Participant: 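Can you keep this structure in mind? I'll have questions shortly.
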2 protein chains.
Amino acid sequence: MKQQKRQLDGQPEPTKSELEILQVLWQKGPSTVRTVNDTLNEEMRDVNYTSTLKLMQIMLDKGLLLRAIEGKNHIYRPAEQQEIMQTRVIKGLATLAFGGSPASLVMRVLGNGDTSPEELEEIKRMIEQLEKQK
Amino acid sequence: MKQQKRQLDGQPEPTKSELEILQVLWQKGPSTVRTVNDTLNEEMRDVNYTSTLKLMQIMLDKGLLLRAIEGKNHIYRPAEQQEIMQTRVIKGLATLAFGGSPASLVMRVLGNGDTSPEELEEIKRMIEQLEKQK
DNA sequence: ATATAACTAAGAAAAAATTCGTAGGAAATT
DNA sequence: AATTTCCTACGAATTTTTTCTTAGTTATAT
């Protein structure tokens, strides 16, 4: 009777390991545990297959993932769009470390210097777009 | 022989609760545990005094905080500048949820719509500054 | 001087997150 | 049909993070 806690109160907040898995799924689209696990091991760090499996089952339980059953395999996919989830975790971090101000978070990233000139241009264009819509 | 782990390998990554405490210290400057705890209780959530104390001691241990002893009281302050630490945690999140691209993180925040026109202007000015420096 | 209040220290408990081991079933291979 | 391989399920152990309890010290006030 505690299993569904996250589903009920507010939106589910993925943990760090959960974010890693979500990122793989966003990249590759719906995938089996095997695929996710292989990707994690290639691109990030050593994880045991059953650890990934267990975590994905927990995420299913929390409502972070959905799955379809195809024969013997299970195919998982994120329950939320990447955009929505990214926005959610950013807001969480802004609250925690930036006095709740996403804008100051942006300033910090930009001030940090590893944004390329092309990216800066792109961001500027986006701002101009936003200002037009106003 | 495990206590100093974080100090040795890489930079210390604050946990969520630790970030809350850092945020108070960044806001108010060097403070006693009492002050930090009161602030947490007023502005964020209920925490027991000794919980805050314990956590700050752990943070001292990890090298996240420094302290000066004044008579009976201990005055804590962040070991790192706010800018540095914020940059660090942002990069962590970018790695975890944005494919390592801080710029796409910025786009996500801006696209999200709760940045005020004034803030947008400010960000745009900042970008122009950055482009000049180039 | 005694009591009260405010502080630190530190171990332990509790909660949350992560990893692992084992069991069992289905499919493929020999 | 037996063996090997690959999968899921799931409890349990581990690790990390957070909270709390108790003890002891110092200052302050009565």
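Keep in mind that what you see is a predicted model, and the values were worked out from it rather than measured. Lettering of chains follows the sequences in order, A, B, ..., and the numbering in each one begins at 1.
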Participant: Would you say B:Gln57 places a side-chain N or O within less than 4.0 Å of OP1 or OP2 belonging to C:dA10?
Facilitator: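 Indeed not, no polar side-chain atom of B:Gln57 lies that close.
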
Participant: Please determine whether a side-chain nitrogen or oxygen atom of B:Arg67 lies at a distance below 4.0 Å from atom OP1 or OP2 of C:dC7.
Facilitator: no

Participant: Rounded to whole Å, please give me the gap between CD in B:Glu20 and C1' in D:dT18.
Facilitator: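 Checked: the CD to C1' distance equals 11 Å.
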
Participant: So if I take every side-chain heavy atom of B:Ser51 and compare against D:dC20, C:dT18, D:dT8, which nucleotide ends up nearest?
Facilitator: D:dC20

Participant: Identify the heavy atoms of A:Glu13 and A:Glu18 that sit nearest to each other, and give their distance.
Facilitator: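 Closest heavy-atom pair between A:Glu13 and A:Glu18: O-OE1, 4.0 Å.
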
Participant: Provide, to the nearest angstrom, the distance between the CG atom belonging to B:Asn48 and the P atom belonging to D:dT21.
Facilitator: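 Rounded to whole Å, this separation is 7 Å.
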
Participant: Please check if the side chain of B:Asn112 supplies one atom and the backbone of A:Thr87 the other of a donor-acceptor pair under 3.5 Å.
Facilitator: no

Participant: Looking at B:Arg125 and B:Glu128, is there a salt bridge between them, counting it only when a charged N and a carboxylate O are closer than 4.0 Å?
Facilitator: no

Participant: Using atom CD1 of A:Ile75 as one end and atom P of D:dC6 as the other, report the distance to the nearest whole Å.
Facilitator: 18 Å

Participant: In whole angstroms, how far is the P atom of C:dC20 from the CE atom of A:Met56?
Facilitator: 17 Å

Participant: Which atom pairs, donor and acceptor, lie under 3.5 Å between side-chain atoms of residues 93-104 of chain B and protein residues at least two apart or in another chain?
Facilitator:
| from | atom 1 | to | atom 2 | distance (Å) |
| --- | --- | --- | --- | --- |
| B:Thr95 | OG1 | B:Lys91 | O | 2.9 |
| B:Ser101 | OG | B:Ser104 | N | 3.1 |
| B:Ser104 | OG | B:Ser101 | O | 3.0 |

Participant: Tell me whether A:Ser116 contacts the main-chain N or O of A:Glu119 through its side chain, where contact means a donor paired with an acceptor under 3.5 Å.
Facilitator: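 Looks like yes, one N/O pair under 3.5 Å.
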
Participant: Does A:Ser17 place a side-chain N or O at less than 4.0 Å from the phosphate oxygens OP1/OP2 of C:dA17?
Facilitator: no

Participant: Mind checking side chain to side chain donor-acceptor pair (under 3.5 Å) for B:Thr32 and listing every partner two or more places apart, or none if nothing turns up?
Facilitator: B:Thr35

Participant: Can you pull out the residues from residues 28-41 of chain B that lie within a 4.0 Å heavy-atom distance of DNA chain D?
Facilitator: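 Contacting residues: none.
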
Participant: Taking atom types as they are modelled, is there a donor-acceptor pair under 3.5 Å from the base of C:dG11 to the side chain of B:Lys54?
Facilitator: yes

Participant: 5'-most contact on DNA chain C: A:Asp46 or B:Ile69, nearest heavy atom basis?
Facilitator: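 The answer here is B:Ile69.
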
Participant: Starting from P on C:dA16, measure out to CG on A:Asp61 and report it in whole angstrom.
Facilitator: 15 Å

Participant: OP1 or OP2 of C:dT18 less than 4.0 angstrom from a side-chain nitrogen or oxygen of A:Thr15, does that happen here?
Facilitator: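 Result: yes.
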
Participant: With a 4.0 Å cutoff (strictly under), does any side-chain N or O of A:Thr50 reach OP1 or OP2 of C:dC20?
Facilitator: no

Participant: Output the rounded distance in Å from OH (A:Tyr76) to P (D:dT8).
Facilitator: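 The distance from OH of A:Tyr76 to P of D:dT8 comes to 6 Å, rounded to the nearest Å.
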
Participant: Identify the heavy atoms of A:Leu110 and A:Ile123 that sit nearest to each other, and give their distance.
Facilitator: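 Reported closest heavy-atom pair: CD2-CD1, 3.9 Å.
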
